[in-house]
S.K.: 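Got a structure for you, questions after.
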Amino acid sequence: MRLPRFKYLGPETLDQALDLLNTHKDDAKILAGGTDLLVRMKKGLLKPKALISLKALNELSYIKKQDGYIKIGARTPLADIIASDLIQKEARALFQACEKIGAVTIQHYRGTIGGNILQDNRCHHYNQSDFHRSGRQACHKDGGKICYAREEADRCNSTCQSDGATALMALGAGIILAQKGGKRTVDLTDFYTTDGIMPHAMESHELLKEIIIPVQGGQSAYHRLAYRSAIDYPIVCAGVFLKPSQKNEIADARIVVGAMSRSPLFLAQASSSLKGKKLNDTYAFKKAADVSMDSAATFAVHNVGATLEYRCAMVSQMVIQALEQAAAAIKA
């Protein structure tokens, strides 16, 4: 499979990149590591007229603690996040998620945190070659009016399988989107639409500049299930955050389940059920995990290569393992 023809643009500053985005808009795509974008282009799923490379924009690659937040530049390599003592100590769920993304070569030489957040939703009925997709009627995501993942669905049910996004949402992260002449901050829970075709609430002239994680004094954990330990996307995953009170109770909790829907699922009911519970209350953890499973099952469709029954059952396992690990880190 060959790449379609495109114009390569290599800005040397962020302002130049924003100028190019403002000029080309829908005709251009941002190229950071390219581990998702170039594969989609080779399969004929995407045919931009221009690629705007961020290769020279070192100003978008950093990890720092400032003003009560951990701030990460969007072009920061996954390997830098894995190696960061700050991330391992205060945003461990993100460290664990990045460890699982792709293979070591992708982490070290290509993959970026911004690219992982912005990767397109996936569906094994759609993410195939032109030849494979030409053998049947086009689905919603391919411009048709059918969904192979859910019978009689009136919309695309492609799934967000981003490890990074699931962990960051559990950490209560936000993102800064830049455009020519301005920028805006968006909570990650508000960044995802319910549209599998256009899953991100982002304009074509905007660029993901920075991820901001509030320092809250708690502990987090991330667990995922995939067919292989490397390369594969998750078939189900969970990120959690627990903040303790002075009474050794849970003052705040966040449970997020990924790879089950068009976006990572922040499960408010399951999260709130843990407030006021003891950090060693295994019954409360199991109950929250079961509620998470029931909530996530509503969104499950057959599009990531595993049965619905298995994936739904594994939601509770991923959640309870993550909760127990986060609680153990607090007590350590």
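All values below come from the heavy atoms of this structure, side chains included, with hydrogens, waters and symmetry mates left out. We're numbering straight along the sequence, starting at 1.
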S.K.: Looking at N303 and A149, what are the two nearest heavy atoms and their distance?
M.R.: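 The pair with the smallest heavy-atom distance is CB-CB, 3.7 Å.
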S.K.: With Q179, which of E203, H205, K209 fulfils side chain to side chain donor-acceptor pair (under 3.5 Å)?
M.R.: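 It is H205; the other options fail the test.
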S.K.: Do the side chains of K89 and D85 get close enough for a salt bridge, i.e. N-O under 4.0 angstrom?
M.R.: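 Result for this pair is no, no salt bridge flagged.
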S.K.: If you define the side chain from C-beta out and look only at heavy atoms, does anything of R150 sit under 4.5 Å from F299?
M.R.: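 No, their side chains stay 4.5 Å or more apart.
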S.K.: According to a hydrophobic-cluster definition based on side-chain heavy atoms being under 4.5 Å apart (Ile, Leu, Val, Met, Phe, Trp, Tyr only), do V257 and L242 belong together?
M.R.: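 Same cluster.
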S.K.: Could you report the tightest heavy-atom contact between I72 and I87, atom names first, then the distance?
M.R.: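 That would be CD1-CD1, 3.9 Å.
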S.K.: Inspect the surroundings of NZ in K25 and state if more than 12 heavy atoms from other residues, nucleotides or ligands are less than 6.0 Å away.
M.R.: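 More than 12 within 6.0 Å, yes.
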S.K.: Could you tell me which non-hydrogen atom of L86 sits nearest to which non-hydrogen atom of I63, and how far apart they are?
M.R.: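 Closest pair (atom of L86, atom of I63, distance): CD2-CG2, 4.2 Å.
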S.K.: Determine yes or no for a side-chain-to-main-chain donor-acceptor pair under 3.5 angstrom, with S245 supplying the side chain and K247 the backbone.
M.R.: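 Yes, because the side chain of S245 sits within donor-acceptor range (under 3.5 Å) of the backbone of K247.
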S.K.: Regarding Y222 and T166, do their side chains bring together a donor and an acceptor under 3.5 Å, going by distance alone?
M.R.: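 Distance-only check fails for Y222 and T166.
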S.K.: Which heavy atom of F95 sits nearest a heavy atom of Q88, and at what distance?
M.R.: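 Closest approach of F95 to Q88: CD1-CG, 3.6 Å.
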S.K.: Mind checking whether N121 and Y126 have side chains closer than 4.5 Å, heavy atoms only?
M.R.: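 N121 does not reach Y126 side chain to side chain.
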S.K.: Check whether any side-chain heavy atom of F191 lies under 4.5 Å from a side-chain heavy atom of L177, and answer yes or no.
M.R.: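 In short, these two side chains touch, coming nearer than 4.5 Å.
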S.K.: Decide yes or no for C139 and R133: does some side-chain heavy atom of the first lie under 4.5 Å from some side-chain heavy atom of the second?
M.R.: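 Not in contact.
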S.K.: Side-chain contact, heavy-atom cut-off 4.5 Å: R254 with M169?
M.R.: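 In contact.
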S.K.: With a 4.0 Å cut-off, would you call D120 and K141 a salt bridge?
M.R.: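 Yes, charged N to carboxylate O under 4.0 Å.
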S.K.: So, R75 versus N58: side-chain donor-acceptor pair below 3.5 Å or not?
M.R.: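 Result is yes, a qualifying pair exists.
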S.K.: Does a salt bridge link K65 with E90, judged by any charged N lying under 4.0 Å from a carboxylate O?
M.R.: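 Result for this pair is yes, salt bridge flagged.
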S.K.: Inspect the contact between K43 and D130 and indicate whether a charged nitrogen and a carboxylate oxygen are less than 4.0 angstrom apart.
M.R.: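 No, this pair does not count.
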S.K.: Within a reach of under 6.0 Å around NZ of K287, are more than 12 heavy atoms found that belong to other residues, nucleotides or ligands?
M.R.: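 Counting neighbours around NZ of K287, 12 or fewer heavy atoms of other residues, nucleotides or ligands fall under 6.0 Å, so no.
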S.K.: Any salt bridge between R155 and D195, counting N to O under 4.0 Å?
M.R.: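 D195 and R155: not salt-bridged.
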S.K.: Are any of the side-chain heavy atoms of L51 and K7 separated by less than 4.5 Å?
M.R.: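 No; the side chains remain at least 4.5 Å from each other.
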S.K.: Looking only at heavy atoms, which two atoms of H200 and T193 are closest? And how far apart?
M.R.: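 Nearest pair, atom of H200 first, then T193: C-CG2, 3.9 Å.
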S.K.: In terms of the angle between their ring planes, are H125 and H302 parallel, tilted or perpendicular, with boundaries placed at 30° and 60°?
M.R.: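 Plane angle over 60°, so perpendicular.
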S.K.: Can you see whether Y192 has R262 sitting over its ring - NZ or CZ less than 6.0 Å from the centre and within 45° of the normal?
M.R.: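 Relative to the ring axis of Y192, which defines the angle, R262 lies outside at least one limit.
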S.K.: Would you check if I255 and L274 make a side-chain contact, meaning some heavy-atom pair closer than 4.5 Å?
M.R.: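 In contact.
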S.K.: Between the side chains of D15 and T13, does any donor sit under 3.5 Å from an acceptor?
M.R.: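 Per modelled atom types, D15 and T13 side chains form no pair under 3.5 Å.
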S.K.: Taking all heavy atoms of I146 and all of A138, pick out the closest pair and write down the distance.
M.R.: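 Closest approach of I146 to A138: CG2-O, 3.1 Å.
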S.K.: Are more than 12 heavy atoms, taken from residues, nucleotides or ligands other than K145, located less than 6.0 Å from that residue's NZ atom?
M.R.: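 At most 12 heavy atoms, drawn from other residues, nucleotides or ligands, come within 6.0 Å of this atom.
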S.K.: Evaluate the side-chain proximity of I175 to I211: yes if any heavy-atom separation is below 4.5 Å, no if none is.
M.R.: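 Counting from C-beta outward, I211 and I175 do come under 4.5 Å.
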S.K.: Counting only heavy atoms not in F6, do more than 12 sit closer than 6.0 Å to its CZ atom?
M.R.: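 More than 12 within 6.0 Å, yes.
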